[in-house]
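Below, read A as the first sequence line, B as the second, and so on, with proteins coming before strands; counting in each chain starts at 1.
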2 protein chains.
Amino acid sequence: MISQEEVTDFVKNGHQHYLPHISIDSVIFGYHDQQLKILLLNWIGYNGWGLPGGFIQRREPLGQAANRIVRERTGLDDLFLQQFYVFGDSPYRLTERSIREFTEKFDLAADVEEGNWLFERTLSIGYFALVDYSKVTVTSDFFTDAHQWCDVNNIPDLLFDHNDVVEKALTTLRQQIYHQPIGYNLLPEKFTLPEIHRLYETILGKELDPRNFSKKLLTLGLIKKLDEQRSIGPHRSPYLYQFEKEAYDFALRQGIVHTY
Amino acid sequence: MISQEEVTDFVKNGHQHYLPHISIDSVIFGYHDQQLKILLLNWIGYNGWGLPGGFIQRREPLGQAANRIVRERTGLDDLFLQQFYVFGDSPYRLTERSIREFTEKFDLAADVEEGNWLFERTLSIGYFALVDYSKVTVTSDFFTDAHQWCDVNNIPDLLFDHNDVVEKALTTLRQQIYHQPIGYNLLPEKFTLPEIHRLYETILGKELDPRNFSKKLLTLGLIKKLDEQRSIGPHRSPYLYQFEKEAYDFALRQGIVHTY
DNA sequence: ATCTATTCCGTAAATTTTACACATTAGAAT
DNA sequence: ATTCTAATGTGTAAAATTTACGGAATAGAT
């Protein structure tokens, strides 16, 4: 648990360590129970659900900051992480009321409120991450005391402009899936065809013919069939597949180019 | 011309009007002489070429700021303007030397240098704009005293990390052209098939079969043939075309979706 | 041995993309 | 008027890709 002193110090002096006016919001996608989910945190001060986020240290490269922020929440490193948009159209994301609630909650002196760096206008750089749900261990930060993995089709009202952020992350991911291989980071190392098929259907929110789908992935050389099978109860055992790392990485870099 | 006082005031007090630590860099694409060009400005202080840029006013929505910055330089409003990346990996874009040159050039007291907001670490949000070259009237700002339209295939060494910014803008534009119609903002209202054909070839940096190309645009319903022709000297007169605004806008929103 | 639920596979039709060459035309020159 | 030049405009066949679609095989439970 984080101490009261630490919180107070962060609020009062955080601007010496972090760049003010800019934050990072992360949309962390995981796949579980045949649902595409995102990680939501319950913010103590504001008492509501929001995205994991954080600030950029004064001498820290931007990409590293995003990586650190996701790592601190999930325990994962070396993940698929991509900038997708900067949100800054509403000059002020915090209402006076929410600031008051926050300072009361943390028992901060009223004078902290005035012009405090935390409560000034802050643009937010959106990153999304694709993670292997089963490998995540969620850790709370200063301002959050609970978490949930929430089906993207069923997102509640979030704090600030986080619903917009999620929306934009989803549309970016859906567009991207047509041009880049997705799955390496969302699936375990070995998976079955029906599994990756359902993943794609889930992300795109529409049905894909299973025969044509697997044909496509195999033709592109993105996955390869293994000799092993998985046992799934009283049904035919599906074969296991894994990604062809080289072809996958190549497609990641080049994109899967369609024609003009 | 901008007065010395104004510059000094901007350097000393700009942080009261603008958000520190964040700027906008704009890559303004125009098409002329069968070349894709970008607008470069010569920075007085640093004596080198760089991109048009600016800061975000404290209460100004982000998109508006980008729009204003491009408008101030080009005179154009209501243009195609798109965020494409945030640059912030190198914590410091300015060297001590360039800062000294700058302050000397503008005859700023040495004490201005120390911890001045302008010289602190600044992330930069990249926007690119597509403009009708012939409609642009370039206006200088505080820090720049000359401009040029520079062929994208022949960009000199630019200030700061602006070469990276241009590079990324170009790759984004090239990717986008496969999924969204481009041209409405780069071409005059009426244009010939060879003109738009050359535009696409120029942007993509490769040849496109003219028959297949026009077939595609017409099939997609993005352009329509007019009854008029243009006179181009001692050659067959090409027909004029114009964009089908509805289909064009629809494609802009939806993207030209390819299959899975 | 039977049943259930799931995986696995292949082919034909439709569509899209690619490749490719020559007749037409406006104005300039003669 | 004729000729010449340099550019525009157009169609078709082959190849590749995408789509649509149904039935046999299998593992485990009963």
Side-chain angles (χ1 to χ4, degrees), chain A residues 33-34 177-179 181 183 187-188 190-202 204-242 247 251 254-260, chain B residues 33-35 177-179 181 183 187-188 190-202 204 206-242 247 251 254-260:
Chain A
D33 267 356
Q34 300 180 31
I177 203 176
Y178 283 109
H179 312 298
L187 291 170
K190 297 173 180 182
F191 51 86
T192 68
L193 275 188
E195 280 168 352
I196 191 172
H197 176 234
R198 277 190 292 265
L199 170 65
Y200 271 70
E201 288 192 333
T202 304
L204 290 171
K206 69 179 184 189
E207 293 196 350
L208 301 169
D209 181 277
R211 284 159 293 191
N212 296 336
F213 175 76
S214 56
K215 208 184 303 171
K216 181 84 178 199
L217 287 189
L218 287 166
T219 302
L220 289 171
L222 293 178
I223 59 174
K224 69 158 176 273
K225 191 178 187 174
L226 302 177
D227 258 347
E228 311 166 55
Q229 294 177 282
R230 169 180 299 164
S231 203
I232 55 159
H235 309 295
R236 181 169 180 175
S237 304
Y239 282 94
L240 291 175
Y241 287 74
Q242 68 183 27
Q254 296 295 313
I256 296 164
V257 178
H258 302 259
T259 61
Y260 216 85
Chain B
D33 266 356
Q34 302 181 29
Q35 293 179 326
I177 204 176
Y178 283 108
H179 312 297
L187 291 170
K190 297 173 180 180
F191 50 87
T192 68
L193 275 189
E195 280 169 352
I196 192 172
H197 176 235
R198 278 191 290 265
L199 170 64
Y200 271 69
E201 288 193 333
T202 303
L204 290 172
K206 70 179 186 190
E207 293 196 350
L208 301 170
D209 181 277
R211 283 159 296 190
N212 295 336
F213 175 76
S214 56
K215 209 186 299 172
K216 181 84 176 196
L217 287 189
L218 287 165
T219 302
L220 289 172
L222 293 177
I223 59 173
K224 70 159 176 271
K225 190 177 186 174
L226 302 178
D227 257 348
E228 310 166 58
Q229 294 177 283
R230 168 181 298 164
S231 202
I232 55 157
H235 309 294
R236 180 170 181 173
S237 304
Y239 282 95
L240 290 175
Y241 286 75
Q242 69 183 29
Q254 296 293 314
I256 297 164
V257 179
H258 302 258
T259 63
Y260 216 84

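In this structure, Q229(A) atom CD and dT26(D) atom C1' are separated by 9 Å, rounded to whole Å. Rounding to whole angstrom units, CZ of residue R198(B) and P of dA7(D) are separated by 9 Å. Whole-Å rounding puts the R211(A) CZ to dA24(D) P distance at 14 Å. Between the NE2 atom of H197(A) and the P atom of dC9(C) there is a distance of 15 Å, given to the nearest Å. Here the C1' atom of nucleotide dT26(D) and the CZ atom of R230(A) are 17 Å apart, to the nearest Å. F213(B) has its CZ atom 13 Å from the P atom of dT8(D), to the nearest Å. In this structure, L193(A) places its CG atom 11 Å from C1' of dC9(C), rounding to the nearest Å. Remark: P of dT8(D) and CG of D209(B) are 14 Å apart, rounded to the nearest angstrom.
In the region residues 235-242 of chain A, proximity to DNA chain D at under 4.0 angstrom, judged on heavy atoms, holds for H235(A), R236(A), S237(A).
For the side-chain contact (heavy atoms from CB on, under 4.5 Å) with L204(A), the qualifying choice from K206(A), E207(A), E201(A) is K206(A), the only one to do so.
A heavy-atom distance below 4.5 Å is found between the side chains of K215(A) and N212(A). Side-chain atoms of L193(B) and Y241(B), non-hydrogen and from C-beta on, do get closer than 4.5 Å to each other.
Closest approach of L222(B) and A251(B) over heavy atoms only: CD2-CB, 4.0 Å. When all heavy atoms of R230(A) and S237(A) are compared, the pair lying nearest together is O-CB, 3.2 Å.
In this structure, D33(B) contributes its side chain and Q35(B) its backbone to no donor-acceptor pair below 3.5 Å. Listed for the H197(A) side chain is a donor-acceptor partner under 3.5 Å among the backbone atoms of L208(A).
S214(A) comes within contact range of no nucleotide atom at all, as no heavy-atom separation falls under 4.0 Å. T192(A) comes within 4.0 angstrom of nothing in the nucleic acid, heavy atoms only.
For P234(A), whose side chain is taken as the heavy atoms from C-beta onward, the closest listed nucleotide among dA20(D), dT8(D), dG28(D) is dG28(D). Proximity note for P194(B) (side chain, C-beta onward) versus dG11(D), dT8(D), dT17(C): the nearest is dT8(D). Checking dT10(D), dG28(D), dT18(C) against every side-chain atom of N212(B), the shortest atom distance belongs to dT18(C).
Two residues, K215(B) and I232(B), neighbour DNA chain C, and the one matched to the more 5' nucleotide by heavy-atom proximity is K215(B).
Between S231(A) and dA27(D) there is no side-chain polar atom (N or O) within less than 4.0 angstrom of OP1 or OP2. Contact check, K216(B) against dT15(C): no side-chain N or O comes under 4.0 Å of OP1 or OP2.
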